Structure formats: structure tokens, C-alpha cells
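Read through the structure below, which is laid out as C-alpha cells, and then see the notes.
Treat the numbers as computed from the prediction; the structure is a model and nothing was measured. We number each residue from 1, following the sequence as shown.
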Amino acid sequence: MMAEAFHSTVDIGNELLLLLGMRRSARPADALHPYGHGKVLYFYSLLVAVYIFAFGGALAFYHGISHLRHPEPPSHVGWNYFILALAAALDAYSWWISYRALLAQKDPDEGIWDEIIGSKDPTIFTVFLEDSAALAGAFLAFLGIFLGQMLQNPYLDPVASILIGLLLTAVAALLGRESGALLVGERTNRARIERVRRIIQAEPLVEGVGDLLTMQLGPDQVLLNVDIKFRRGIDVRQVESAIDRLESRIRREEPTIKRIYIEADSLKRTRPQTPEAA
């Protein structure tokens, strides 16, 4: 129960950190941050991972080891069951909401795990993983208390606490890996890259597509840098017109792409962010 208390306290702190990150990442671009503050959310989600490990997993693990050395039979068992049941019901509701949000984001050919490791919005996959860990932790706490009571074995309760600590550590490691990758400049989803490639290839004046590089600037902000080879025999005006068409279509069909940089052979056109794309 103490391990679950640590877990619940950490969850509250995590939600506050994510809320703060969402508010700070919504600030508009300025002279010091010309691409906006979207990555601030990734920094705060990385703090969440550290917070889960330090104040959730580590404390639960330490508490379990301490009670293994000095085991005590669980007390107030009825209240323990009631609190665990209430916590599980609340966590299940939150889990269902985050699960539906994940389903709404994922592509039809992707699974839930693909969406978790490929999602660019940490507020969704973090809450989903936290709630999944909370449900699993409540179940482990229930087993530790119930089996310890039934078998008259005081060691099962601290063992459950250790397992909860290991569970939280695993979740923290996964969140840290995903948030860290986004923070240092992860590409956007493969499906979005392929859709952009098809849009460019559909332009009659395009002969080929070279490097197509993307970077996630925030959950709904993507930077696109693409090298396009146009057909021979066309003049600069035709190239410019084609670039205008491509930019307009990309922004219309992929509204999360806020910054587009197109290099056409020796001609490089850089488009600033427009109010419509902001």
C-alpha cells in the first residue's frame, strides 16, 4: 500500500508537470525561439520520466527491501481493499480516455504499441502508460495483501512492493527513451513522410525527390526540408509556380507541417511560417 501511495503521489506531480509543459509550449515564436516553444513539452515529459523513477520506482523498491528485512503482517485489510478498488476504478476511467485518444491518433495499419513508440504527443502516451502501470500496480498490491493474508506469509506484501518499483522503473525508462528522442529532434511519422513524398511526386514538373528530412518541433508542429529535382527545360517562373503549388497542397493535406524548406537543384526557396499555418 505504501508503494501505491508513492505511485499515486508521483502521478499527481506528473500531471502538474505535463500541464505546465503544455502551457509553456503553447507560447508563440519569438526572436530567441524562431521555431516556437513546442519542444518544451518534450523536456517536461522527460522530467516526468525522471520523477517516476526517482520518487516512484526507487522509493517503492526501497520500501519493499526494507520490509523484507523486517516483515510485518498487513493490517486494516478491509480498508486496503476498499482503497485499491477505488483507485483502480478511477485509473481505469482515465486509462479508457487515454486509450481512446491513442486510437484516434493512430493510422489504420498501426497497432497500439506502434502508436505509443511513434506518437509525437507525450501528454497522451505518458498518461496511457502511467494509467496502465497504475492498474497493474493496484493488482500487484492486491495480490500481495490477499495472498499474504491467506497464506499467512508476511513476505508477499514487500515482494509486491518491489515488483511495483520495478514496474515503475520500466515505465520511466520507456518514457525517458521516447521523450529524449523527441527532444533531440526525432523525425515525424513514416506515414506522414510517405504522404508528403506522394504529394511531391504527383506534381507534373517534378522529376525526382531527393532527401526528404523532417523534425518534430512539437506535437502538432513539423519542420520539412526536401530536395526536389525538377524536369529539364523549365524556367525559374515555372519552378516557383510548382513550389507554390506543392507548399499549398502540403499545408492543406498535412496541416501539422508548419515550416517548409524546398531546395530545387541550384534554386533554394525558403518559406516563412504564415499566419494560416501557425
Side-chain angles (χ1 to χ4, degrees), residues 1-20 44-99 102 112-113 116-117 122-180:
M1 289 300 295
M2 185 62 70
E4 278 300 285
F6 292 148
H7 189 180
S8 298
T9 304
V10 166
D11 280 349
I12 295 173
N14 292 343
E15 303 306 322
L16 293 176
L17 281 174
L18 287 177
L19 181 61
L20 179 60
Y44 278 89
S45 64
L46 184 61
L47 289 183
V48 166
V50 175
Y51 190 50
I52 290 176
F53 173 77
F55 295 98
L59 286 178
F61 190 83
Y62 172 80
H63 182 75
I65 294 295
S66 176
H67 277 254
L68 270 181
R69 297 174 62 186
H70 308 285
E72 298 178 2
S75 59
H76 308 292
V77 175
W79 279 108
N80 290 342
Y81 291 151
F82 171 77
I83 293 174
L84 286 174
L86 179 61
L90 295 175
D91 286 330
Y93 175 76
S94 178
W95 180 91
W96 175 246
I97 298 297
S98 60
Y99 176 72
L102 274 177
I112 290 296
W113 178 250
I116 290 174
I117 62 176
T123 61
I124 294 179
F125 69 73
T126 298
V127 173
F128 178 78
L129 289 174
E130 282 182 346
D131 291 338
S132 300
L135 289 172
F139 180 69
L140 289 173
F142 167 78
L143 284 181
I145 296 172
F146 177 75
L147 294 178
Q149 181 187 21
M150 295 297 295
L151 301 176
Q152 297 297 310
N153 188 338
Y155 290 96
L156 295 179
D157 187 37
V159 167
S161 180
I162 293 173
L163 293 177
I164 292 172
L166 294 176
L167 173 66
L168 293 177
T169 300
V171 170
L174 178 59
L175 288 177
R177 188 192 71 174
E178 296 303 316
S179 299

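The nearest pair of heavy atoms linking Ser161 to Ala60 is OG-O, 2.9 Å. Between Pro158 and Pro154, the shortest heavy-atom contact is CD-O, 3.1 Å. The two residues Ser179 and Ser45 make their nearest non-hydrogen contact at OG-OG, 2.9 Å.
The side-chain heavy atoms of Tyr93 and Trp96, taken from C-beta on, include no pair separated by under 4.5 Å. Leu19 is not listed as a side-chain neighbour of Tyr44, based on a closest heavy-atom distance of 4.5 Å or more. Side-chain contact between Glu15 and Val127: present, with at least one pair of heavy atoms (C-beta onward) separated by less than 4.5 Å. Proximity of Ile65 to Ile162: side-chain heavy atoms (C-beta onward) are separated by under 4.5 Å at one or more points. The closest side-chain heavy-atom distance from Glu178 to Thr126 is not below 4.5 Å.
Atom-to-atom distance recorded for Ile164:CD1 and His63:NE2 is 9.5 Å, nearest 0.5 angstrom. Residue Leu174 holds its CG atom at 8.0 Å from CZ of Phe125, rounded to the nearest 0.5 Å. Note that CG of Leu47 and CD1 of Ile52 are 11.5 Å apart. Values are rounded to the nearest 0.5 Å.
Within a 6.0 Å sphere centred on OH of Tyr62, heavy atoms belonging to other residues, nucleotides or ligands number 12 at most.
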Solution key, residues 131-146 side-chain donor-acceptor pairs under 3.5 Å, sequence neighbours excluded:
{"residue": "Asp131", "atom": "OD2", "partner": "Ser94", "partner atom": "OG", "Å": "2.6"}
{"residue": "Asp131", "atom": "OD2", "partner": "Trp95", "partner atom": "N", "Å": "3.3"}
{"residue": "Ser132", "atom": "OG", "partner": "Trp95", "partner atom": "NE1", "Å": "3.0"}
{"residue": "Ser132", "atom": "OG", "partner": "Phe128", "partner atom": "O", "Å": "2.8"}

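Ser98 contributes no side-chain N or O that, together with a main-chain N or O of Ile124, makes up a donor-acceptor pair within less than 3.5 Å.
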